[in-house]
A.B. asks: 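Please read through the structure below; I'll follow up with questions.
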Amino acid sequence: MLEIACGHGRISRALARRGAQVVGADLSAALIAKAEAAERESPLGIRYLHTDVTTGPAAPDRPHTGVTTGPAAPDRPFADLRGLGPFDVVVCSFGLSDIDDLDGAVATAAAVLRPGGVFACSILHPCFPGGQGVSGSWPGDARYHAEGWWRADGELSSLRRQVGANHRTLSTYVNTLRRHDLWVDELAEPEPAPEWAAKRPDAARYPVFLVLSCVKGGADHRPPPSADG
């Protein structure tokens, strides 16, 4: 399995504990260093790569939003991953909105997956409008259809106030996956944890999270049939 935007490795370690052979990749040298430190302290056989999983540079009007220190990531990240695949599964936990080049990231995920392999991701729901003290998926003074990077201002949205995020419509995500032969097999809109919802009851009325499971097509695999055949 490959985890893109693995950060400090929490999901990678959870997968490895379940028996998976895992490679984690992230743009942030600081976070990869934390992941490698955890691996040294409690080895699970995970290999971490400090690399850019996309195929393009940061958006021209601003730098990458990741917390990056140390040496720059390689210019040709695909070469780092190509020799390690094909993978059975690629995952990305709440990372796609932090990646400027969505098309490049999805293209890489699809390229290193075997036909019939699974790409699973979770994101803040693109349709989440926010609530009191909680920023939604797009700026409060903008329209849902206005895509782009922005920095949240809600007092309870602490991480997105620091690093910002890219807002994209639901259709942009689905169509990008489809363009790279990743077919949505199942999706879920899980409710937030009760303790989170209790402190943010107005925000919890709306879909907060979106989880997608996609299957890669190919010569020996076709997407699963729809529910009506």
Side-chain angles (χ1 to χ4, degrees), residues 3-8 10-11 14 26-28 31 53-54 58-59 61-67 90-106 109 118-180 182-215 227:
E3 183 187 8
I4 62 176
C6 69
H8 56 76
R10 181 175 65 87
I11 300 298
D26 199 279
L27 178 67
S28 168
L31 291 178
V53 299
T54 72
D61 58 338
R62 64 181 186 86
H64 278 293
T65 58
V67 182
V90 176
V91 300
C92 184
S93 176
F94 292 97
L96 290 182
S97 63
D98 296 325
I99 296 175
D100 301 325
D101 182 6
L102 175 66
D103 192 78
V106 173
V118 172
F119 176 61
C121 63
S122 56
I123 54 176
L124 180 68
H125 203 299
C127 301
F128 176 56
Q132 185 174 358
V134 181
S135 293
S137 291
W138 63 93
D141 59 352
R143 299 169 57 250
Y144 165 75
H145 291 92
E147 298 186 328
W149 182 87
W150 70 293
R151 197 186 300 275
D153 55 9
E155 60 180 336
L156 298 178
S157 302
S158 56
L159 181 61
R160 290 189 295 138
R161 284 207 321 268
Q162 296 177 54
V163 300
N166 291 286
H167 168 60
R168 303 178 178 103
T169 63
L170 179 59
S171 58
T172 290
Y173 281 108
V174 173
N175 290 335
T176 300
L177 294 166
R178 174 64 188 89
R179 190 161 58 248
H180 293 286
L182 295 172
W183 300 73
V184 175
D185 181 42
E186 186 174 359
L187 61 83
E189 298 168 292
E191 295 190 37
E195 56 270 24
W196 188 96
K199 297 178 181 178
R200 307 162 178 84
D202 54 339
R205 294 184 300 153
Y206 303 104
V208 182
F209 309 119
L210 180 66
V211 183
L212 295 161
S213 176
C214 308
V215 177

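If you're wondering where the values come from, they're calculated on a predicted model, not measured in any experiment. Along the sequence shown, the residues carry numbers beginning at 1.
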A.B. asks: Are the side chains of Tyr173 and Leu210 in touch, meaning some heavy atoms are under 4.5 Å apart?
C.D. replies: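 Side chain of Tyr173 against side chain of Leu210, heavy atoms only: no contact under 4.5 Å found.
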A.B. asks: Could you check whether any side-chain heavy atom of Tyr144 comes within less than 4.5 Å of a side-chain heavy atom of Leu170, counting everything from C-beta outward?
C.D. replies: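 In contact.
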A.B. asks: Please find the pair of heavy atoms, one from Trp150 and one from Ser137, that lie closest to each other, and give the distance.
C.D. replies: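 Closest heavy-atom pair between Trp150 and Ser137: NE1-O, 3.3 Å.
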A.B. asks: Who are the side-chain hydrogen bond (donor to acceptor under 3.5 Å, both in side chains) partners of Asp153, not counting sequence neighbours?
C.D. replies: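 For Asp153 the side-chain hydrogen bond (donor to acceptor under 3.5 Å, both in side chains) partners, ignoring immediate neighbours, are Ser135.
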A.B. asks: Measuring from Ser122:OG to Ile11:CD1, what's the distance to the nearest 0.5 Å?
C.D. replies: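 Here the interatomic distance stands at 7.0 Å.
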A.B. asks: Looking at Leu31, is its backbone amide N or carbonyl O close enough to the side chain of Ser28 to form a donor-acceptor pair, meaning the two atoms are under 3.5 Å apart?
C.D. replies: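 Judged by distance alone, yes, a pair lies under 3.5 Å.
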A.B. asks: Under 3.5 Å, is there a donor-acceptor pair between the side chain of Asp26 and the main chain of Cys6?
C.D. replies: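 Yes: the side chain of Asp26 pairs with the backbone of Cys6.
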A.B. asks: Please confirm whether the backbone N or O of Gly136 pairs with a side-chain atom of Arg160, one donor and one acceptor, at under 3.5 Å?
C.D. replies: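 Yes; at least one donor-acceptor contact below 3.5 Å.
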A.B. asks: For the atom pair CD1 (Ile4) and CG (Leu96), what is the distance rounded to the nearest 0.5 Å?
C.D. replies: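 Spacing of CD1 (Ile4) from CG (Leu96) equals 6.0 Å.
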A.B. asks: Could you tell me whether the side chain of Asp98 reaches within less than 4.5 Å of the side chain of Asn166, counting heavy atoms only?
C.D. replies: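 The answer is no, as the side chains (C-beta and beyond) never meet within the 4.5 Å cut-off.
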A.B. asks: Is Asp100 close to Thr54 at the side-chain level, that is, under 4.5 Å between some pair of heavy atoms?
C.D. replies: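 No, side chains not in contact.
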A.B. asks: In sequence, state the C-alpha distance, the side-chain angles, and the governing distance for Val211 and Leu187, and then conclude on side chain to side chain contact (heavy atoms under 4.5 Å, CB included).
C.D. replies: CA-CA 6 Å; Val211 183; Leu187 61 83; over 6 Å; no
A.B. asks: Tell me if a side-chain donor or acceptor on Asp202 pairs with a main-chain N or O of Gly131 at a distance below 3.5 Å.
C.D. replies: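 No, the answer is negative, given that no donor and acceptor are paired below the 3.5 Å cut-off.
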A.B. asks: Are Pro126 and Thr169 side-chain neighbours, meaning at least one heavy-atom pair lies under 4.5 Å?
C.D. replies: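 Sidechains of Thr169 and Pro126: no contact.
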A.B. asks: Checking side-chain polar atoms at under 3.5 Å, does Asp103 have a donor or acceptor matched by the opposite partner on His180?
C.D. replies: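 Result is yes, a qualifying pair exists.
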A.B. asks: Which atom names give the shortest non-hydrogen contact between Arg168 and Ile99, and what distance separates them?
C.D. replies: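 Nearest pair, atom of Arg168 first, then Ile99: NH2-O, 2.7 Å.
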A.B. asks: Looking at every heavy atom in both Leu177 and Cys214, which two are closest together, and how far apart are they?
C.D. replies: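 Where Leu177 meets Cys214 most closely, the heavy atoms are CD1-SG, 3.7 Å.
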A.B. asks: Could you tell me whether the side chain of Phe209 reaches within less than 4.5 Å of the side chain of Glu189, counting heavy atoms only?
C.D. replies: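 No; the side chains remain at least 4.5 Å from each other.
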A.B. asks: Any side-chain heavy atom of His145 within less than 4.5 Å of one from Trp138?
C.D. replies: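 No, too far: nothing below the 4.5 Å cut-off.
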A.B. asks: Heavy-atom distance under 4.5 Å between the side chains of His125 and Val208, does that happen here?
C.D. replies: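 His125 vs Val208: side chains apart.
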